[in-house]
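Per chain, numbering begins at 1; letters A, B, ... match sequence-line order.
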Amino acid sequence: MDVKNIKFDPESHIIELAKQRPEGISNKDLKENMPQLDLPELTGVINKLLKGGVLELFKSNEELLYKYKDPSKKTTAKGSDNEEKVVYRIIEEAGNKGIWIRDIRFKSNLNMTQLNKVLKSLEIKKFIKAVKSVTASKKKVYMLFDLEPDSSVTGGAWYQDQDFESEFVDVLSQQCHRYLVERLDDAKKQGGSPVMVRNRSYATAAEVHKFIQDLGISKISLSVSDIESILYTVVLDNNAERTTAANGTFLYKATHNFIFPPGLVKTCCGTCLVANKCAHTGSVNPTSCTYLTDWLSGS
Amino acid sequence: MSVVYGKIVSLIIMERFGLVLAKVASFLFKTPDSPLLFIKRGTELPLSKIKESLCILIKHGLVTFRPNKNENLANYSLDSNKVLLMLRYPKYLNFVKKQFGDESEIIIEEVLLRGYLPASELILKVYDRMSKNCNKPPSLSIIKDKLVYLITSKYLKRIPSAENKPVPNLVQNETMMHVLPPIELKTLITYQNDQRTVLPDKNIYWTVNFERFHQDMRDKIVVAAFERKFDEHAAEIIKLFLRQMYVRTEPWSDISNPIPAMEVKDILKRQANSSVALAFFDQYLTVMEQDNSRLLRKAGEASGGSYQIHLKETFTQLVWNLIEQVILEKHDTKAARIFRLVKLKPYIEPDRIQQLAMIPAKDAKKLSYQLYEENFFRIQELRKTPTVSGPVKNFTLFHIELDNVVRMLLEMCYKTLFNHITRRNHERELNTRIIDKKQRVDTILMGMKSQGATPEQIADIEELITPPERVVLDNIDKIMKKLNTVELEVDDTIFMLFIKDCDEYATQRTSSR
Ligand code: SF4
């Protein structure tokens with residue numbers, strides 16, 4: 001080994017040196033072996049090697065040791081590319097519906113710790129992302145980073161970060177109902193025969209959709225089928241009825257209940273939530289019941 | 001029958017007839033079909049008292065009897081449904097008053113008070129009462145006409161005549177039920193002057209035919225429902241359909257016979273104020289027929305089409321509606337929504353509930369279980385056969401059993417009634433002293449007024465009740481009024497729940513005869 005050679009390539013020299021001494025080389029050894037390198041230069045080289053994963057840093061007896069890292073033993077580092085590739089492919093296959101970690105494990109045959117590591121690194125590299133599914137709050141599914149998650153995962157327009165936007169839905173439901181009622185009132189005002197009034201009061205989901213769009217209450221864009229599901233809640237609330245038109249689409253129309261609230265619920269006992277604990281004797285009883293007292297003294 | 005039910009039965013009897021009768025009644029409620037001595041042992045009352053009580057109860061149709069194995073003894077049972085009807089009396093009276101006027105109201109009231117009585121006696125009683133209370137009493141003949149009308153339109157019926165046996169079998173002669181007795185005004189007038197005159201119909205007794213009232217109440221509900229759902233003209237048409245229905249069908253059948261539309265139209269033509277209903281008659285029929293509720297259905301095309309009213313179906317739908325409203329008031333719209341969803345799709349998966357009802361998963365689950373806890377829902381557990389590995393999955397599917405819910409709601413109504421009556425009694429008890437005082441003062445005032453006392457004297461007496469006492473009295477008055485109104489309203493709910501099963505209702509009627 002001549003000096004020139006060393007001067008040319010301090011890296012390989014250090015590697016050689018480290019290879020010869022599997023127990024590690026110290027700073028002192030380096031100095032002795034390469035007196036021609038000044039300290040800053042040496043530090044630069046060592047750092048580069050450490051970063052590249054060729055050398056590893058150890059500490060023994062208050063002394064820093066550099067050890068050569070065997071590339072054949074380095075499978076985890078090197079091979080992880082392959083695993084990443086496999087996992088990546090599995091995730092890619094799942095498309096925008098995503099895939100659950102358990103299924104990745106079955107498909108990839110990796111163990112949990114390994115898989116977690118791979119997923120983490122893929123995630124850091126922004127190849128994939130984890131999306132919380134709305135169907136099960138603790139379940140995460142993975143999909144490629146730039147995919148828009150399917151509505152079955154996000155729950156569609158009604159979810160914001162897998163939280164159901166209840167209020168948003170309620171507002172929409174109210175507005176849809178309002179639209180139908182207005183439509184019915186208009187039809188009645190225009191007059192005409194009962195059949196005509198009825199037919200005029202029917203609205204399609206598309207019409208309601210346009211109304212909602214024009215209202216501008218929704219930040220996100222809603223599809224007609226989104227509106228269709230909102231309208232179904234209005235139907236379920238018995239505020240509208242749904243019929244099928246000749247062409248197969250649904251028609252909606254505001255309706256009334258058959259009856260007014262029954263007498264039973266006009267009393268406080270009829271709506272009382274502790275009624276099943278209420279008896280003639282006992283701490284909950286009609287003679288001393290404060291609900292009754294309040295209700296009786298009310299107007 | 002439930003405990004609460006028994007309790008209200010005895011409370012009602014207690015309120016109207018006193019403690020002894022209530023005791024007998026509740027004994028009979030618990031042990032139906034008891035002979036006299038049995039009642040004596042159970043109630044520990046003297047025999048004479050029991051006999052008297054039974055007499056009164058039988059007279060009011062609250063207790064029925066039938067021969068024991070030993071034909072000389074009778075077994076007594078309480079007709080608890082009839083007892084509950086007593087809560088409805090104000091409603092019957094109100095109805096008659098509105099429909100047929102004051103005389104008719106007093107006629108019915110007298111009959112209700114006495115249980116049953118002969119026609120001539122009834123006429124005289126009403127006459128007496130009315131001449132005492134108003135300055136221009138109606139003539140006997142007017143009262144008679146009113147009575148005759150009530151009998152022919154079946155609001156009153158003849159009570160069955162008894163065979164001559166130790167324990168008589170009551171035989172109802174259906175044809176005679178609403179046949180008029182011979183009433184001569186002349187005899188009545190002679191009787192007024194000479195009480196010894198024999199009235200010709202003294203053995204023909206009349207009593208109130210509740211069923212007829214119920215039929216009217218039912219029709220009113222149906223018509224009101226149509227009015228709310230469609231409009232007043234549609235309701236008008238339905239009213240006529242119902243009326244025509246009785247021409248052909250038993251009033252309480254599930255489905256009416258086909259009614260020709262032309263017939264109804266003809267009646268409409270004769271009515272002055274139904275031009276809209278008439279002008280769009282066919283269209284109204286189309287709209288009602290095509291409605292999702294399908295209460296009016298076309299039965300045939302002949303002669304302008306004929307239609308059937310599906311009464312049972314109507315009431316089933318009304319009851320569904322009622323249940324939904326109860327849930328709506330008791331919980332909120334979300335719970336009602338889930339209820340309707342489960343009604344439309346029984347055994348729906350919980351996941352689908354939250355999806356279709358658009359309610360957050362957690363709330364949906366909470367509400368469903370709440371409804372289950374309150375007996376609106378029933379649960380069906382489904383166990384997915386465990387695969388080799390993986391957790392066992394359980395599905396909990398909800399569904400509704402209507403009859404069950406109805407029973408539960410009835411129970412709720414009874415309980416509410418019980419609570420209210422208890423509370424009313426309690427309030428009254430708390431303030432007995434003041435109430436008594438007020439009554440005493442009132443009697444004194446009455447006496448003084450009839451003796452022509454001066455205004456100052458009257459004012460003096462009136463001042464016996466101090467201002468604070470007056471406040472208390474006013475307050476009690478308000479409370480009583482409120483409790484009374486609500487009682488009547490709860491009874492409306494009971495009525496609705498009851499007539500859902502027209503046929504069941506009919507059997508109940510026959511048993512109560
Ligand atoms: S008395 Fe009071 S506690 Fe009892 S059911 Fe009525 S409101 Fe509820």
Can you tell me if [X] uses its side chain to pair, donor with acceptor, with the backbone of [Y] under 3.5 Å?
X       : Y       : value
K415(B) : C278(A) : yes
K482(B) : S297(A) : no
E329(B) : V265(A) : no
R337(B) : L236(A) : no

Kindly compute the distance separating [atom1] ([X]) from [atom2] ([Y]), expressed to the nearest 0.5 Å.
X       : Y       : atom1 : atom2 : value
L264(A) : T416(B) : CG    : OG1   : 5.0 Å
D282(B) : S193(A) : CG    : OG    : 11.0 Å
T243(A) : D291(B) : OG1   : CG    : 9.0 Å

Interface moiety of [X] toward chain A, non-hydrogen atoms closer than 4.5 Å:
X       : answer
L344(B) : side chain
I421(B) : neither
Q370(B) : neither
E324(B) : side chain
H420(B) : side chain

Specify which of [options] makes the most heavy-atom pairs with chain A at under 4.5 Å.
options                            : result
F418(B), W320(B), F226(B), F280(B) : F280(B)
N321(B), V490(B), I338(B)          : N321(B)
Q290(B), E427(B), K7(B)            : Q290(B)
A224(B), P360(B), C413(B)          : P360(B)

Look at K334(B) together with D237(A) and state whether they make a salt bridge at an N to O cut-off of under 4.0 Å.
no
So for S288(A), is it side chain, backbone, both, or neither that comes closer than 4.5 Å to the heavy atoms of chain B?
backbone
Is V197(A) close to chain B through its backbone or its side chain, or both, or neither, when contacts mean heavy atoms under 4.5 Å?
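For V197(A), no heavy atom lies under 4.5 Å from chain B.
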Test side-chain contact (heavy atoms from CB on, under 4.5 Å) applied to T267(A) and T493(B), L483(B), V486(B), the passing residue:
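Only match with T267(A) under side-chain contact (heavy atoms from CB on, under 4.5 Å): V486(B).
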Ring pair (Phe, Tyr, Trp, His ring centres under 6.0 Å): pairs with one or both residues in residues 351-370 of chain B, sequence neighbours excluded
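Ring pair (Phe, Tyr, Trp, His ring centres under 6.0 Å) check on residues 351-370 of chain B returns Y369(B)-F398(B).
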